[in-house]
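Each remark here refers to the structure printed beneath this line.
Below, chain A is the first sequence line, B the second, and so on; all start at residue 1.
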There are 2 protein chains.
Amino acid sequence: MSLPHAILTALVEKPSSGLELTRRFDRSIGYFWSATHQQIYRELGKLEAEGYIRALVADQPTRGQKKRYEVLSEGRAELARWTAAPQDPKPMRDTMLLRLRAAAVVGTEGIEADLRRHLDLHTRQLAEYEAIQERDFPPGKDAPQDRLQHLVLRAGIDLETFWTRWLTHALEELGRLPAGGGAN
Amino acid sequence: MSLPHAILTALVEKPSSGLELTRRFDRSIGYFWSATHQQIYRELGKLEAEGYIRALVADQPTRGQKKRYEVLSEGRAELARWTAAPQDPKPMRDTMLLRLRAAAVVGTEGIEADLRRHLDLHTRQLAEYEAIQERDFPPGKDAPQDRLQHLVLRAGIDLETFWTRWLTHALEELGRLPAGGGAN
DNA sequence: CGGTACATGTAAGCAGTTACATGATTCT
DNA sequence: AGAATCATGTAACTGCTTACATGTACCG
């Protein structure tokens with residue numbers, strides 16, 4: 001039940017239309033909670049029905065017409081409630097780790113190329129995060145309101161740093177292996 | 001499409017019944033691909049129907065009767081194919097990061113306790129991983145067949161290390177904040 | 001007036017979660 | 001015989017993904 005709250009957060013930060021939200025999810029919020037435009041439109045409908053947000057539009061027509069949504073006080077209250085409520089961390093689910101475990105029994109044939117590709121993708125993502133950090137959080141001045149945003153960005157940077165290091169290490173190990181088939 | 005391959009991997013490592021698989025997912029494979037017993041039984045049925053695995057049982061009855069599955073050569077081939085096939089990394093989805101971003105606009109009230117709780121949970125998980133490392137991969141001897149398994153375990157250790165550090169840092173930042181309400 | 005980009009939506013399907021049901025075995 | 005545990009399943013639901021549909025505005 002996180003998507004509605006991701007949308008509420010985005011709308012509190014700045015009232016937007018569905019497509020604007022979609023773009024913002026691609027840029028910033030989507031870095032840790034991705035969503036497609038279909039999910040967003042569906043969820044906007046629900047949030048409006050529940051009285052958490054309100055559409056500002058010249059009423060009548062509905063398709064192709066731009067709608068701008070804003071958060072109502074009930075929505076803001078729900079977001080605050082959700083933020084404070086305890087939630088268990090979800091168990092990790094990572095396909096690459098699973099594939100390496102599978103490679104241990106069926107052989108490492110072919111996985112190296114994809115490890116390299118992932119390393120490249122994570123390296124790019126890391127560079128993107130670091131560019132954002134330099135732009136939005138230059139060293140020296142550190143406004144207290146921005147501390148939380150910076151903290152979240154730093155999680156992204158540290159995670160991508162972890163992946164680039166781990167993938168590099170994995171490629172080293174793979175190169176040192178007797179090559180080809182797995183155990184059994 | 002990862003669950004069937006997680007199950008195939010587990011079954012290649014060791015033929016098992018549904019419940020045995022469930023337990024092994026709780027202990028080891030589930031550390032990076034969790035699954036409940038309902039998912040596992042459903043998926044075992046599909047895998048059998050597709051001719052990837054075979055049940056060894058005294059035929060007739062079905063409920064309450066223990067079934068042991070083994071992987072057929074088609075299943076092994078499918079697993080090898082899947083392991084080598086390129087797959088894009090899934091965008092991250094983390095609720096705690098989302099909550100912190102929400103806290104930046106609706107206030108940090110109440111989130112600190114859950115950050116502490118998560119720090120505790122991740123600290124325990126890290127300790128569990130390190131215990132496994134000491135038991136299964138003692139320093140010094142390093143059989144080449146085990147290198148891949150160790151690599152995967154190390155990913156778990158490094159990830160939990162990241163979370164404990166980041167959560168500690170987050171709690172420090174939170175304590176240094178003007179307390180209570182967010183921006184706006 | 002035809003094409004492209006903008007903007008909002010519908011429908012179908014799949015994967016994962018939660019709650020519940022049922023049979024078999026073992027222990028007292 | 002009754003209770004606890006082992007073992008296998010069914011059903012309903014929620015959330016996410018993929019593919020497609022429809023309308024509007026603008027540009028040449």
Side-chain angles (χ1 to χ4, degrees), chain A residues 1-8 10-11 15-26 29-30 32-50 53 55-69 82 87-95 98, chain B residues 1-8 10-11 15-26 29-30 32-50 53 55-69 82 87-95 98:
Chain A
M1 282 285 296
S2 294
L3 178 59
H5 302 96
I7 291 177
L8 284 174
L11 286 180
S16 311
S17 69
L19 196 61
E20 281 166 356
L21 276 176
T22 304
R23 294 202 214 293
R24 291 174 58 199
F25 267 76
D26 285 343
I29 294 194
F32 45 89
W33 201 275
S34 65
T36 62
H37 80 274
Q38 292 91 337
Q39 280 179 279
I40 288 171
Y41 284 120
R42 196 151 21 96
E43 206 60 45
L44 283 171
K46 286 191 205 169
L47 287 168
E48 191 178 17
E50 289 167 325
I53 63 176
L56 312 167
V57 69
D59 287 292
Q60 283 90 343
T62 165
R63 260 186 203 274
Q65 193 83 338
K66 194 165 170 178
K67 267 191 222 170
R68 171 164 263 97
Y69 290 94
W82 176 82
Q87 273 182 259
D88 284 332
K90 289 244 163 144
M92 154 170 63
R93 273 202 179 145
D94 187 89
T95 309
L98 193 57
Chain B
M1 282 285 293
S2 295
L3 178 59
H5 302 96
I7 291 177
L8 284 174
L11 286 181
S16 311
S17 68
L19 196 61
E20 282 165 355
L21 276 176
T22 304
R23 294 202 213 294
R24 290 175 58 200
F25 268 75
D26 285 344
I29 294 194
F32 46 88
W33 202 275
S34 64
T36 62
H37 81 274
Q38 291 90 336
Q39 281 179 277
I40 288 171
Y41 284 120
R42 194 153 21 98
E43 206 60 47
L44 282 172
K46 286 191 205 169
L47 287 168
E48 191 178 17
E50 291 168 322
I53 62 175
L56 312 167
V57 69
D59 288 290
Q60 283 90 346
T62 165
R63 260 185 202 274
Q65 194 84 339
K66 194 166 171 176
K67 267 193 223 169
R68 170 164 264 97
Y69 290 94
W82 176 83
Q87 274 182 257
D88 286 332
K90 289 243 162 146
M92 154 168 63
R93 273 197 179 149
D94 188 89
T95 310
L98 193 57

Ignoring backbone atoms, test whether A:Y41 places a side-chain nitrogen or oxygen under 4.0 Å from the OP1 or OP2 oxygen of C:dG9.
->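 False: A:Y41 side-chain N/O out of range (4.0 Å or more) of C:dG9 OP1/OP2.
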
To the nearest angstrom, how far is [X] atom [atom1] from [N] atom [atom2]?
| X | N | atom1 | atom2 | result |
| --- | --- | --- | --- | --- |
| B:L98 | D:dG15 | CG | P | 15 Å |
| A:H37 | C:dA5 | NE2 | P | 16 Å |
| B:L19 | C:dA24 | CG | C1' | 13 Å |
| A:Y69 | C:dA7 | OH | C1' | 12 Å |
| B:L44 | D:dA7 | CG | P | 14 Å |
| A:F25 | D:dC16 | CZ | C1' | 14 Å |
| A:E20 | C:dA7 | CD | P | 7 Å |

How far apart are the C-alpha atoms of B:W82 and B:Q87, what are their side-chain angles, what is the distance that settles it, and do they pass the side chain to side chain contact (heavy atoms under 4.5 Å, CB included) test? CA-CA 9 Å; B:W82 176 83; B:Q87 274 182 257; 3.3 Å; yes

* Give every residue pair that meets the side chain to side chain donor-acceptor pair (under 3.5 Å) criterion with at least one member in residues 40-50 of chain A, sequence neighbours excluded. =>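 Checked against side chain to side chain donor-acceptor pair (under 3.5 Å) - neighbours excluded - no pair reaches residues 40-50 of chain A.
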
Going by heavy atoms in the side chains, are A:I7 and A:I29 under 4.5 Å from each other?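 Result no, sub-4.5 Å side-chain heavy-atom pair not found.
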
Requested in this report: Can you sort out the partners of B:P91 under side chain to side chain contact (heavy atoms under 4.5 Å, CB included), two or more places apart, ordered by chain and number?
Outcome: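 Counting only residues at least two positions away or on another chain, B:P91 forms a side chain to side chain contact (heavy atoms under 4.5 Å, CB included) with A:S34.
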
Mind checking what makes side chain to side chain contact (heavy atoms under 4.5 Å, CB included) contact with B:R24, not counting sequence neighbours?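 Residues passing side chain to side chain contact (heavy atoms under 4.5 Å, CB included) with B:R24: B:A10, B:E13, B:K14, B:S16, B:L21, B:R27.
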
N/O to N/O distances under 3.5 Å, protein versus nucleotides 14-17 of chain C:
| from | atom 1 | to | atom 2 | distance (Å) |
| --- | --- | --- | --- | --- |
| C:dG16 | OP2 | B:Q39 | NE2 | 3.4 |
| C:dT17 | OP2 | A:R93 | NH2 | 3.4 |
| C:dT17 | OP2 | B:Q39 | OE1 | 3.2 |
| C:dT17 | O4 | B:R42 | NH2 | 3.2 |

Query raised in the report: How would you list, by chain and number, every residue that makes a ring pair (Phe, Tyr, Trp, His ring centres under 6.0 Å) with A:W33, sequence neighbours excluded?
Result: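 Partners of A:W33 under the ring pair (Phe, Tyr, Trp, His ring centres under 6.0 Å) test: none.
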
Report which part of the nucleic acid A:T22 touches: base, sugar-phosphate, or nothing (heavy-atom distance under 4.0 Å, all strands).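 The answer is nothing, as A:T22 stays clear of every strand by at least 4.0 Å.
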
